[in-house]
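Below you'll find the structure, written out as structure tokens, and then a few comments.
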Amino acid sequence: MQEMVIYGVSFDLVGKQPIVLLKTADGNKFLPIWIGHSEAAAILMKLQGAGTPRPMTHDLFSETLSQLEAHVTKVCVTELRDNTFFATITIQQDGGEIEVDSRPSDAIALAVRAEAPIFADDRVLEASAIEFEGEEVNEEEIVDEFRKFLDQVTPEEFASELAEEQAEPDEEELAETDPEEEEPED
């Protein structure tokens, strides 16, 4: 597990789909997650300190937890399965913790409200993160590179590229395969 921070929310210029961009807290890996418009608005509004006349769904849930004397301790992007990200929300109440399954967008919107840390599983980062080399990160360069990437890829293309990468064994896996250890045919 690696701690992540919200680097920003942007839009895929091709499909006009919002994307939340998470960055490793201690590194140069970026994790783009396509999200819905309402979740993007919920994340951006809270990050920008904007309010609404009535509570949004994530505000309502956060306030409900508070009234129940419970609080969100962390959220985690736990896996990528069939081109869909999965997450959990860890809630503490009366000294005990429970984990609740969630969409990453909802988990992140709630984490922003609860000021809870966000984590991503190492396997998710290996499969989906974009890494920038070097000690110093030029934020403008990263944003430009990410925008170029978004200009050229649709969510469907991104998902199919991920599926192809996951289906192809890497050189290390191929090196570990011993042809003499093949299973006998029936």
Side-chain angles (χ1 to χ4, degrees), residues 1-26 29-125 127-130 139 142-143 146-147 150 153-156 158-159 162:
M1 286 290 164
Q2 292 192 42
E3 187 168 358
M4 308 296 286
V5 294
I6 299 172
Y7 192 78
V9 177
S10 186
F11 287 88
D12 164 359
L13 297 179
V14 176
K16 305 290 187 221
Q17 186 71 22
I19 299 170
V20 64
L21 185 61
L22 301 179
K23 177 189 176 294
T24 52
D26 297 328
K29 289 185 179 180
F30 294 82
L31 182 64
I33 301 175
W34 272 262
I35 61 176
H37 289 276
S38 60
E39 291 80 9
I43 293 167
L44 282 172
M45 287 181 69
K46 190 62 180 178
L47 288 175
Q48 295 170 352
T52 57
R54 299 188 63 187
M56 293 179 69
T57 303
H58 301 98
D59 298 315
L60 175 64
F61 188 63
S62 181
E63 179 60 24
T64 300
L65 289 174
S66 177
Q67 293 295 320
L68 294 171
E69 296 181 7
H71 64 278
V72 176
T73 58
K74 69 179 177 181
V75 302
C76 183
V77 180
T78 55
E79 72 178 299
L80 176 65
R81 184 174 5 119
D82 297 328
N83 303 318
T84 302
F85 289 96
F86 291 79
T88 58
I89 301 169
T90 303
I91 300 170
Q92 187 173 47
Q93 183 184 34
D94 296 330
E97 283 188 345
I98 60 167
E99 278 190 358
V100 179
D101 288 333
S102 174
R103 297 182 307 176
S105 56
D106 291 325
I108 292 167
L110 192 56
V112 171
R113 285 156 176 74
E115 298 179 5
I118 301 167
F119 293 89
D121 188 276
D122 292 329
R123 293 170 297 183
V124 171
L125 292 173
S128 306
I130 301 166
E139 291 189 16
I142 290 172
V143 171
F146 187 58
R147 285 205 172 118
L150 293 178
V153 70
T154 65
E156 293 79 18
F158 180 72
L162 282 177

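Because the structure is predicted, anything quoted here is derived from the model rather than measured. Residue numbers count from 1 along this sequence.
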Backbone N/O of [Y] and side chain of [X]: donor-acceptor pair under 3.5 Å:
X    : Y    : result
Q17  : I35  : yes
D121 : R123 : yes
T78  : F86  : yes

Who passes side-chain contact (heavy atoms from CB on, under 4.5 Å) against [X], sequence neighbours left out?
X   : value
L60 : T64
L44 : V9, Q48
P55 : D59

Interatomic spacing from [atom1] in [X] to [atom2] in [Y] - rounded to 0.5 Å:
X    : Y    : atom1 : atom2 : answer
D122 : K29  : CG    : NZ    : 7.5 Å
L22  : I6   : CG    : CD1   : 6.5 Å
I118 : M4   : CD1   : CE    : 8.5 Å
T24  : L125 : OG1   : CG    : 7.0 Å
H58  : S105 : NE2   : OG    : 6.5 Å

Item checked: Under the side chain to side chain donor-acceptor pair (under 3.5 Å) test, residues paired with R103 that sit two or more places apart ->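 Only E39, D106 meet the side chain to side chain donor-acceptor pair (under 3.5 Å) criterion with R103.
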Next item on the list: Please list, chain by chain and in numerical order, all residues satisfying side chain to side chain donor-acceptor pair (under 3.5 Å) with E79, sequence neighbours excluded.
Entry: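 Checked E79 against side chain to side chain donor-acceptor pair (under 3.5 Å); matches are R81.
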Can you list, pair by pair, the side-chain donor-acceptor contacts under 3.5 Å of residues 65-72, counting residues two or more places apart and other chains?
from	atom 1	to	atom 2	distance (Å)
Q67	NE2	E63	OE2	2.7
H71	NE2	Q92	OE1	3.3

